[in-house]
Amino acid sequence: MPEGHTVHRLARLQRRRFVGTPVAVSSPQGRFATDAEIVDGRVLEAVEAHGKHLFQVYEADLVVHVHLGLWGRFPNRRVPAPEPRGQVRMRIEGPTHYADLRGPSACALFTDVEVKALRARLGPDPLRADADPEEAWRRISRSRAPLATLLMDQSVIAGLGNVFRAETLFRCRIPPLLPGRELGRERFDALWADLTDMLRAGERQGRIETVRGPSGDQPDGGGARGTDHGNSSCAGSVYAYRRTGRPCLVCGTPIARTTHAARNLFWCPTCQA
DNA sequence: TGAGTATGTTCAG
DNA sequence: TGAACCTACTCAT
């Protein structure tokens with residue numbers, strides 16, 4: 001689940017539900033206990049997302065940094081909060097809602113300097129108003145690395161993961177192994193626009209739907225829908241992601257899969273020739 | 001009940 | 001490049 005759109009959606013929800021009031025922060029599991037004590041009872045001032053990173057700002061030098069990694073979950077629910085069950089790294093509780101953080105790859109208290117250092121390593125995030133696509137273009141247009149590698153590199157574009165990589169390369173008809181320097185400005189602009197659209201839709205809907213219907217942007221519910229590939233909760237209707245061997249929704253060619261830099265890569269050999 | 005799998009990142013070699 | 005981190009879910013037995 002957690003690509004950039006998930007984290008931005010989370011930030012928006014937490015802004016609405018926790019910002020501006022004192023919150024109770026604890027670590028039922030214990031691994032965040034010392035830091036939780038420091039922010040417990042303080043007023044949460046802001047919640048920000050950059051790529052897949054979430055920042056809960058209490059003061060300039062009191063920022064809780066969360067990265068969900070592959071398995072992390074941070075569901076927001078209405079109070080009253082029940083007794084924590086299982087491994088809850090952090091619980092945050094406000095007047096109307098609480099949220100239990102489970103399985104994150106990172107959850108730690110950061111200073112302002114640490115936040116800045118981390119963000120300096122991240123490329124522009126299409127979901128942020130301050131994103132500058134020129135930064136991504138500079139990196140891509142000078143690189144010999146394939147687009148499949150560049151799009152997963154958080155210092156090139158922040159917030160993309162494997163699903164969005166597969167889908168944007170398909171929708172833009174780009175061969176995954178095309179070197180960045182051979183992409184060209186026009187195709188880069190189309191790619192950036194497509195990514196922005198998909199991420200925004202994903203943030204709005206809370207899931208990834210990328211198949212365009214015949215009359216616009218509505219998913220058509222075609223061959224990609226269903227539970228037979230077991231990932232309906234993460235990608236509703238998609239063109240390529242985890243559709244290995246199934247016919248391309250556009251041309252019928254079986255979707256191909258390979259392992260690229262230790263990650264699954266999916267594409268249509270005809271549409272993305 | 002146990003094996004297999006996954007949308008991510010970091011570090012050692 | 002591979003291992004480690006660490007969680008929830010699906011599927012086969």
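Below, chains carry the letters A, B, ... as their sequence lines are ordered, and counting in each starts from 1.
Look at NE2 on A/H53: it is 7 Å from P on B/dT10, rounded to the nearest Å. To the nearest angstrom, P of C/dC6 lies 17 Å from CE of A/M90. Taking atom NE2 of A/H67 as the reference point, atom P of C/dC6 lies 16 Å away to the nearest angstrom. Between the CZ atom of A/F266 and the P atom of B/dT5 there is a distance of 12 Å, rounded to whole Å. Atom CZ in A/R73 sits about 17 Å away from atom P in C/dC6, given to the nearest Å. Separating the CE atom of A/M152 from the P atom of C/dT1 is a distance of 14 Å, rounded to the nearest angstrom. Here the C1' atom of nucleotide B/dT9 and the NE2 atom of A/H50 are 16 Å apart, to the nearest Å. One atom, CZ of A/R89, and another, C1' of C/dC5, lie 10 Å apart when rounded to the nearest Å.
At a threshold of 4.0 Å, the pair A/R185-A/E134 counts as salt-bridged, since one of the basic side-chain nitrogens sits closer than that to a carboxylate oxygen.
Identified under the ring-ring contact (aromatic ring centres under 6.0 Å, His included) test for residues 130-149 of chain A, with sequence neighbours left out: A/W137-A/F188. Sorted by first then second residue, the salt bridge (Lys or Arg N to Asp or Glu O under 4.0 Å) pairs that include residues 25-35 of chain A, not counting sequence neighbours, number zero. The ring-ring contact (aromatic ring centres under 6.0 Å, His included) analysis of residues 146-184 of chain A, with sequence neighbours excluded, yields the pairs A/H5-A/F164, A/F170-A/Y239. Applying the salt bridge (Lys or Arg N to Asp or Glu O under 4.0 Å) rule to pairs touching residues 144-170 of chain A yields A/R139-A/D153, sequence neighbours excluded. The salt bridge (Lys or Arg N to Asp or Glu O under 4.0 Å) analysis of residues 43-68 of chain A, with sequence neighbours excluded, yields the pairs A/R42-A/E59, A/E48-A/R128.
The residue A/Q29 sits close only to the backbone: its heavy atoms come under 4.0 Å of sugar-phosphate atoms, none of a base.
Residue A/Q87 has its side chain nearest to C/dT7 when only B/dT9, C/dT7, B/dA6 are considered. Between C/dC6, B/dA6, B/dT9, one nucleotide has an atom nearer to the side chain of A/R31 than all others, and that is C/dC6. In the set B/dA6, C/dA8, B/dT9, B/dA6 carries the atom at the smallest distance from any side-chain atom of A/N264.
Nucleotides C/dT13 and B/dT5, compared at atom P, are 14 Å apart to the nearest Å. The same atom, P, is picked in C/dC5 and in B/dG13; the two are 15 Å apart, to the nearest Å.
Residues meeting the side-chain contact (heavy atoms from CB on, under 4.5 Å) test with A/P269, sequence neighbours left out: A/T253, A/A256, A/W267.
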Which atoms of nucleotides 1-4 of chain B (N or O only) lie under 3.5 Å from a protein N or O atom, and what are those distances?
none

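Interface residues of residues 114-125 of chain A facing DNA chain B, ordered by number: A/R121; criterion, heavy-atom separation under 4.0 Å.
Other members of the cluster containing A/Y58 are A/V7, A/L10, A/F18, A/V19, A/V23, A/V25, A/F32, A/I38, A/V39, A/L44, A/V47, A/L54, A/L62, A/V64, A/V66, A/L68, A/F74, A/M90, A/I92, A/L101, A/L109, with ILVMFWY side chains joined at under 4.5 Å, either directly or via other members.
Using a distance-only test at 3.5 Å, with no hydrogens or angles considered, no donor-acceptor pair links the side chain of A/S26 to the main chain of A/P28.
A/H53 pairs with exactly one of A/R121, A/H65, A/Q154 by the side-chain hydrogen bond (donor to acceptor under 3.5 Å, both in side chains) rule, that one being A/H65.
Between A/W71 and A/Q154, the residue anchored closer to the 5' end of DNA chain B is A/W71, taking for each the nucleotide with the nearest heavy atom.
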